[in-house]
Amino acid sequence: MIEKYNPSVIEPKWQKIWEEKSSFKSKDNDKSEKFYQLEMFPYPSGRIHMGHVRNYTIGDAIARYKRMKGYNVLHPMGFDAFGMPAENAAITHNTHPAKWTYENIDYMIKELKRLGFAYDWERLLITCDPDYYKWEQKIFIEMFKRGMVYKKKSRVNYCPNCKTVLANEQVDDGKCWRCSGQVEEREMDEWFFKITDYADELIDDMRELEKGWPRKVLTQQINWIGKSKGAFIKFKIKGIDDYLEVFTTRPDTLFGVTFASIAPDHPKLKELIKDEDIKRRLDEFIEKQKNITNEYDKDKEGFFSGIYIINPVNNETVPLYVANFVLMEYGTGVVMAVPAHDQRDFEFANKYGLKKRIVIYKDGMPKSADDLTEAYTDEGVLINSGKFNGEDNEKAKQDIVEWLKQKNLARETYQYKLRDWNISRQRYWGAPIPIVYCEHCGVVPEKIENLPVKLPEDVQITGEGGSPLSNQKSFVETICPVCGAKAKRETDTFDTFVESSWYFLRYCSPKYDKDIFDKEAVEYWMNVDQYVGGIEHAVMHLLYARYFTKVLRDLGYLKFNEPFKRLLTQGMVIKDGAKMSKSKGNVVDPDDIIKQYGADTARLFVLFAAPPEKDLEWSEEGVEGSYRFLNRVWRLLYKNKNLISKDYDVAINSDRLKKLNYTINYTIKKVTNDLEHYHFNTAIASLMEYTNFLQSFNPKSKNEEVLFAKALRYLIVMISVFAPHIAEEMYSMTKSQGLVIDEKWPVYDESALIMKETTIAVTINGKLRDTISTGMDSDKDTVFEKAMMSNKVKKHIQGKDVKKIIFVKNRLLNIVVS
RNA sequence: GCGAGCGUGGCGGAAUUGGUAGACGCGCUAGACUUAGGAUCUAGUAUCGAAAGGUGUGGGAGUUCGACUCUCCCCGCUCGCACCA
């Protein structure tokens, strides 16, 4: 150990030793209790950024703490390696996506290793490796065979810039989530996972997650799934023997229907419209709507279709309007319009001069529909509703449906916002969908023994002319796995969210070559005890991973419902009030920080500067503060390096020793408690206080030296969770064998925390007037007596009546005076 | 608009869940050691006031002996959703 703290020397040294000793290797089926710590694996974009550093430092602190607590910890790392940036890079730099990806991965692994994270590197997963996606293809085939996958022509979001289809979730405000370009609609034949079959379960199983997941994430998922109760109601079409069905959540307002609206792309609409002029108008309307971007305040527009339908509750004939705000994808694509009680219908009715009728009434609201300034959507009592007049509207919802149900005109139903998951991507850099098209046998899955369907390597990525795979004869041309005739391969590849939907299972047995994973290993390691990642994955990734878990359970691979027991969503790293980004020029490169201060400082800072869930404002001064703290610890240990021995038995027989012993045990308790709750910032603050205390202690006797040395040793052990390299170096000079990371987490001695004296706050009418020292557990009278001896207290009581005395043992005495 | 969350010194943030507000760090001030220090150490640092003392957790009301903490109203900010019938 040298006098000056030099992270650039000691950090690589210990990283090498940990690696040589395989310190962080997790043992399958170990006897000790397991702990699966997982952080969301990165996309290999090229470099690790501060967001990663924060994410992985939080996970690392948890993993190291649990390890010292005696758990058999699984803490793996990998790369979500398929995806579009690799193809974009291939186009601009004329390289191959694989080359680009693997070079990035090599570099990022070096960066992660420089940060000293306690990963079991032998479990490294790279999703573009055929040994990984082979199993993904197997999952797909099993899902296909079970009818959990289907293909359909569908209108999809298409980004002309990226030349690919996007999932609904990947479209943000009409813009591509990656390139921010305008998204268009196109019709394509696409593969879908039937995630909607699991909608109810995805909601219901949230019960299992209520304790361990942020409420925010659960609410977002609930909103995303968007389950709502309602009914389908049949409206006869006037003049023909057919009907249109509407979906409504407000059957109680049925008597208020004055018109109906239909989606412009409703499949029945064209055949229903008789008038040629109106048909032409519809085409124009559809064309016009296509060009309107998805702005929220898009004007409501429409026109009369020439069709009338009949309201089943009162046999009224109402006009059917084609309206741009009606969605074909939700409900039935036809909406009954109740302008008095629905804001959208209200606006539409006003624009086109349509009638309004109030059917839900509450005292104080206008009597005439013409006097409404907005739709009344709250509860009330039914009026103008025939035999249901006077009924409470909540009750009427059921009664009206029941009444219509008997006439076979209605049925109760639930509708969801959640759509099936489109997994087709017309891209090269993804896992091929293992399907073969045979003239004789139709759409057939590849044989399991033929997997993986490998991505061909000799492909030129130009970025033009559709999917690169479809132009690759050697790939497309194949033989039918069923009949052996010439056939063609599917050229779509998987959405990359598929890879991240099950990687946490593969980590349990990453090299297993007989199946998707080794069931025994999964049995032992799952669930993930603590998952850490960004809030941006609240819906997509986390919902898909939950869905996959349920699918694999139903395929017989798993026995549990939910993959992640606990979830921690860490805040962003921001600088100058904005998220770090190249365009804003406020990026701090972790490599630079490591070079200047070392990994330990970087790690300590990101844990200390803010609680994990909150955004973290980057501060150069703050980083320096962390660096200074490590230097202080270093100097403290360097100064006392000869004190540390192995035998710490000492009689606590003086006030100074008692105080020191108290501080040691108090700190252990505080830090342990904080770590259990992931309050890293306060845990570090306690270690700082502890260091300050030790720094000023100056042992004066043999006994003090011995206990002081013990205190220092605990400091090293506890700090190793946050700053492992410096801890290891300091530990090594204690002349003890082994590594600090193999130390057990210290246990505090409750008896050391019992004090003879305590300080009690004396308040008068709730205001602090003095503090007094008194024996532990003193009773009310004793404390009051002592308090009355205080001049400060006397002064405030003088001339007043003591009305009441509140006493909280060892805490406070409140004297209430008139 | 709907949903969720947040609001504490100059700044990042503490407060064992109703019991001494401002831990810890940054910044700042003064001092020490120094040729020097942007190193280190010591002391101070919510605010008004010379002091005694007063005032303070976005604002207002309430519950309570006692409120950053609980309730209601208002203001401001952040995030998510966005024509889902």
Side-chain angles (χ1 to χ4, degrees), chain A residues 4 173 214-224 226-228 230 246-250 253 260-261 294-300 323-327 329-338 341-345 347-348 374 415-419 535-536 538-539 571-572 604-605 608-611 613-626 628-629 631-632 635 669-670 673-674 679 681-692 695-696 759-771 795-796 803-817:
Chain A
K4 198 178 172 320
D173 190 11
R215 228 224 320 281
K216 190 180 180 175
V217 175
L218 296 178
T219 349
Q220 275 188 52
Q221 294 203 357
I222 286 174
N223 291 341
W224 188 263
K227 181 177 184 176
S228 48
V246 305
F247 171 71
T248 181
T249 56
R250 295 294 306 270
T253 63
S261 311
N294 291 351
E295 283 162 35
Y296 305 134
D297 53 355
K298 185 166 81 171
D299 274 348
K300 289 181 178 50
N324 65 346
F325 63 90
V326 180
L327 307 172
E329 306 83 53
Y330 186 80
T332 61
V334 186
V335 186
M336 63 181 223
V338 188
H341 303 291
D342 181 287
Q343 189 57 27
R344 291 155 302 183
D345 299 339
E347 288 167 26
F348 194 82
E374 59 182 359
Q415 292 291 300
Y416 302 85
K417 290 188 200 175
L418 182 72
R419 309 287 144 79
I535 186 72
E536 65 273 20
V539 175
M572 286 186 303
L604 193 74
F605 172 73
F608 179 62
E613 328 72 53
K614 278 186 78 171
D615 284 351
L616 182 151
E617 173 75 32
W618 188 263
S619 145
E620 199 65 31
E621 292 83 9
V623 175
E624 270 168 30
S626 297
R628 274 204 292 267
F629 170 63
N631 271 288
R632 257 189 301 143
R635 280 195 303 273
K669 184 178 181 176
K670 176 82 167 76
N673 201 30
D674 283 348
H679 295 163
N681 53 337
T682 50
I684 292 167
S686 299
L687 288 180
M688 286 173 169
E689 277 183 273
Y690 186 56
T691 303
N692 293 344
Q695 215 168 15
S696 58
T759 310
I760 289 190
V762 181
T763 60
I764 293 161
N765 287 348
K767 279 189 182 153
L768 182 72
R769 294 307 174 188
D770 204 357
T771 56
K795 209 165 111 190
H796 284 92
K803 288 196 143 182
K804 202 172 174 183
I805 295 162
I806 281 93
F807 177 66
V808 183
K809 198 164 89 179
N810 298 329
R811 275 250 153 97
L812 151 146
L813 181 81
N814 187 24
I815 304 168
V816 185
V817 296

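All values below were derived from every heavy atom in this structure, side-chain atoms included, with hydrogens, water molecules and symmetry-related copies excluded. Below, chain A is the first sequence line, B the second, and so on; all start at residue 1.
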For A/Thr253, what residues pass the side-chain contact (heavy atoms from CB on, under 4.5 Å) criterion, not counting sequence neighbours? A/Arg250, A/Met336, A/Val338, A/His341, A/Val359, A/Ile360

Partners passing side-chain contact (heavy atoms from CB on, under 4.5 Å) against A/Lys795 (at least two apart in sequence or in another chain):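 Checked A/Lys795 against side-chain contact (heavy atoms from CB on, under 4.5 Å); zero matches.
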
For [X], give me all partners under salt bridge (Lys or Arg N to Asp or Glu O under 4.0 Å), at least two apart in sequence or on another chain.
X	value
A/Glu613	none
A/Lys803	none
A/Asp770	none
A/Glu617	none

Between N or O atoms, less than 3.5 Å apart, protein on one side and nucleotides 53-56 of chain B on the other: list the pairs.
from: B/G53; atom 1: OP1; to: A/Lys795; atom 2: NZ; distance (Å): 2.8
from: B/G54; atom 1: OP1; to: A/Arg769; atom 2: NH1; distance (Å): 3.4
from: B/G54; atom 1: OP1; to: A/Arg769; atom 2: NH2; distance (Å): 3.2
from: B/G54; atom 1: OP2; to: A/Arg769; atom 2: NH1; distance (Å): 2.8
from: B/U55; atom 1: OP2; to: A/Lys767; atom 2: NZ; distance (Å): 3.3

At under 4.0 Å between heavy atoms, which parts of nucleotides 12-23 of chain B does protein reach? Answer with one letter per nucleotide, 5' to 3': B base, S sugar-phosphate only, - none. BSS-B--BB--B

On RNA chain B, check which nucleotide each of A/Glu347 and A/Asn765 is closest to and give me the residue with the more 5' one. A/Asn765

For the side chain of A/Val816, counting heavy atoms from C-beta on, which of B/A85, B/C65, B/C41 is nearest? B/C65

Between A/Asn681 (side chain only) and A/Ala610 (backbone N and O only), is there a donor and an acceptor less than 3.5 Å apart? no

Going by heavy atoms in the side chains, are A/Asn765 and A/Val816 under 4.5 Å from each other?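 With C-beta onward as the side chain, the pair touches.
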
Check whether any side-chain heavy atom of A/Leu418 lies under 4.5 Å from a side-chain heavy atom of A/Lys227, and answer yes or no. no

Identify, with sequence neighbours excluded, every residue that meets ring-ring contact (aromatic ring centres under 6.0 Å, His included) alongside A/Phe325. A/Phe348

Mind checking ring-ring contact (aromatic ring centres under 6.0 Å, His included) for A/His679 and listing every partner two or more places apart, or none if nothing turns up? A/His677

Would you tabulate the nitrogen or oxygen pairs shorter than 3.5 Å linking the protein to nucleotides 42-47 of chain B?
none

Between B/A30 and B/C68, how far is it from one P atom to the other, in whole Å? 35 Å

Polar atom pairs (N or O), protein with nucleotides 27-29 of chain B, under 3.5 Å:
from: B/G27; atom 1: OP2; to: A/Arg628; atom 2: NH2; distance (Å): 3.1

Quiz question: going by heavy-atom distance under 3.5 Å, is there a donor-acceptor pair between the base of B/C83 and the side chain of A/Lys300? yes

